[in-house]
Number of protein chains: 2
Amino acid sequence: MQAQESSALVTGKPATGPGSRGRYPKGVLRRQEILDRTIEVFAELGFESTSLRAIGEAIGVSHAALRRYFETREELFLEVLREKDRQALAAARADGTPHGIDFARHLDSFASQTPGLMALRHSMIARALEPGNETSQAFFVERYESLRSGAREILLLAREAGVLRPDIPIDAAAALVIATMDGLSTQWLLDRRVDMHEGMILFESLLQPPRPE
Amino acid sequence: MQAQESSALVTGKPATGPGSRGRYPKGVLRRQEILDRTIEVFAELGFESTSLRAIGEAIGVSHAALRRYFETREELFLEVLREKDRQALAAARADGTPHGIDFARHLDSFASQTPGLMALRHSMIARALEPGNETSQAFFVERYESLRSGAREILLLAREAGVLRPDIPIDAAAALVIATMDGLSTQWLLDRRVDMHEGMILFESLLQPPRPE
DNA sequence: GTCTATACAGGGATAGAC
DNA sequence: GTCTATCCCTGTATAGAC
């Protein structure tokens, strides 16, 4: 998929377009600064008002400069999400292998990301659902496949450990796990009185085998 | 909540602004025409490209004319969703009382609505999650409360009928039901290979009491 | 390589003519 | 009730400074 920052530094390809920036120190820093400020501006202003001009202003640069690093506004937003996914993946790996079913904890760590990030993701998914946004659609199709795949692994481990009802089909359950987290967080984002943690705990308990008593 | 068409007809308030149309035959028809065309144009063009000008063109009026009926583009889209909700509610009532847990069927009937409508809803929810869209936010907060309330009723009936695991907390389960339908349909909209019906059936089975064998 | 200045087409909102 | 004209804003594109 997208190249690592470090490997991009070594390829030494000639600069052929905006998408291939990031090879030289100043550009790398600038690019990162844009990504960082974008999420800040978005959290404050929302999707529509987070214009390239607004982001540029927050950095002290003209809006045209942003296009040296990102081909379109859409690409810029997608790259923000890609980077956050990379960070989350790295953090999860540092955390070691999961101990049993632990979806509620996953959901909590999502929530601890700024709500702004979750709202941005929601906005981009909405765009991906509409005609004519193939880039976004491809990103999210792949992302959800990856999320389901991760859920499958966890469920398989749980089944082996005997903490999952043995009659549950893994594939359907994996989609269900992701759906539950998505849906609960949407309700929570709209109305903080909704207890998404309780919902997730209930869902986990439904997956567990009946108590042997 | 929002007034019924019929009751609006009787109030007899003077027309004080764009939001209060719908009292006189021509206005009623025009208003309905706008709502109908909007969803058609949206399904074809998506959120961003469904401009007031594009909708006006589809009807044969200028974009400015639309504002006699809807204060803003946002209000127009919200009204489309309100009307679809009203229709769905009426259809559900005509269907009679639900027989036990039947969430999978509900989900299927959602899906049979045009995917364009579901995408529009997703776009509007995304906006509601961002700062400065209080109208949309209020609408969806209320809508989800209403959805959860409906789910609670069904779950209570199911518990009485003995088809629901008796240890399941109703409130948390209601949020979970809605979350599951939302989340599964999102995955399905992105990628039709996802079997949301199977997911919903699995979820229903998790709610059922253990087979007495 | 990085950035500014500038132009363009299109958007929502709005005022006032008819 | 509907129009046209206008306002300011947007993403995108290009030319050229340094």
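Chain letters run A, B, ... following the sequence lines, proteins first, then strands; residues in each count from 1. Only a predicted model underlies this, so the values are computations on that prediction, with no experimental measurement involved.
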Task: Of the listed nucleotides dA13(D), dT4(C), dC3(D), the one nearest the side chain of Arg67(A) - done: dA13(D)
Open item on the list: Can you see if the side chain of Arg73(A) gets near the phosphate of dG11(D) - specifically, an N or O under 4.0 Å from OP1 or OP2?
Closed with: yes
Open item on the list: Without decimals, in angstroms, what is the distance between Glu48(A) CD and dC8(D) C1'?
Closed with: 16 Å
Task: Electrostatic pair Asp95(A)-Arg105(A), nearest N-O below 4.0 angstrom - done: yes
Open item on the list: Nearest whole Å is fine: how far is dG11(C) P from Leu76(B) CG?
Closed with: 15 Å
TODO: Taking only the side-chain nitrogens and oxygens of Arg30(A), find out if one of them lies under 4.0 Å from OP1 or OP2 of dT2(C).
DONE: no
Open item on the list: What is the distance, to the nearest angstrom, from the CD atom on Glu57(A) to the P atom on dG11(D)?
Closed with: 13 Å
TODO: Would you kindly give the CG-to-C1' distance between Leu52(A) and dA13(D), to the nearest whole Å?
DONE: 13 Å
Task: Touch class at under 4.0 angstrom, heavy-atom based, for Arg53(A) against every strand present - done: base
Open item on the list: On DNA chain C, does the nearest nucleotide to Gly60(A) precede the nearest nucleotide to Thr72(B) from the 5' side, or the other way round? Give the residue.
Closed with: Gly60(A)
Open item on the list: If I take atom CG in residue Leu66(A) and atom P in nucleotide dT12(D), what distance separates them, rounded to the nearest angstrom?
Closed with: 11 Å
- [ ] Answer yes when Glu83(A) and Arg86(A) have at least one side-chain N-carboxylate O distance shorter than 4.0 Å, and no when they do not.
- [x] no
Open item on the list: I need the CD-P distance between Glu33(B) and dT2(D), as an integer number of Å.
Closed with: 10 Å
Task: Exam field: side chain Arg127(A) to backbone Ser123(A), donor-acceptor pair closer than 3.5 Å - done: no
- [ ] Kindly point out which of dA5(C), dG11(D), dT2(C) is positioned nearest to the side chain of Lys26(A)?
- [x] dT2(C)
TODO: Quickly work out the Arg68(B) CZ to dC18(C) P distance and round it to whole Å.
DONE: 17 Å
Task: OP1 or OP2 of dG1(D) under 4.0 Å from side-chain N/O of Tyr69(B) - done: no
Open item on the list: Between Glu75(A) and Arg82(A), does the salt bridge (charged side-chain N to carboxylate O under 4.0 Å, His left out) criterion hold? Intermediate values first, please.
Closed with: CA-CA 10 Å; Glu75(A) 264 306 324; Arg82(A) 275 194 265 261; 2.9 Å; yes
- [ ] Return yes if some donor-acceptor pair links the side-chain N/O of Ser136(B) with the main-chain N/O of Asn133(B) below 3.5 Å, else return no.
- [x] no
- [ ] Kindly indicate whether the side chain of His63(A) and the base of dT12(D) share any N or O donor-acceptor pair separated by less than 3.5 Å?
- [x] yes
Open item on the list: Whether Ser62(B) contacts dC3(D) is assessed here as follows: a side-chain N or O lying under 4.0 Å from the phosphate OP1 or OP2. Is that the case?
Closed with: yes
- [ ] Specify the separation, in whole Å, of atom CZ of Phe70(A) and atom C1' of dA13(D).
- [x] 18 Å
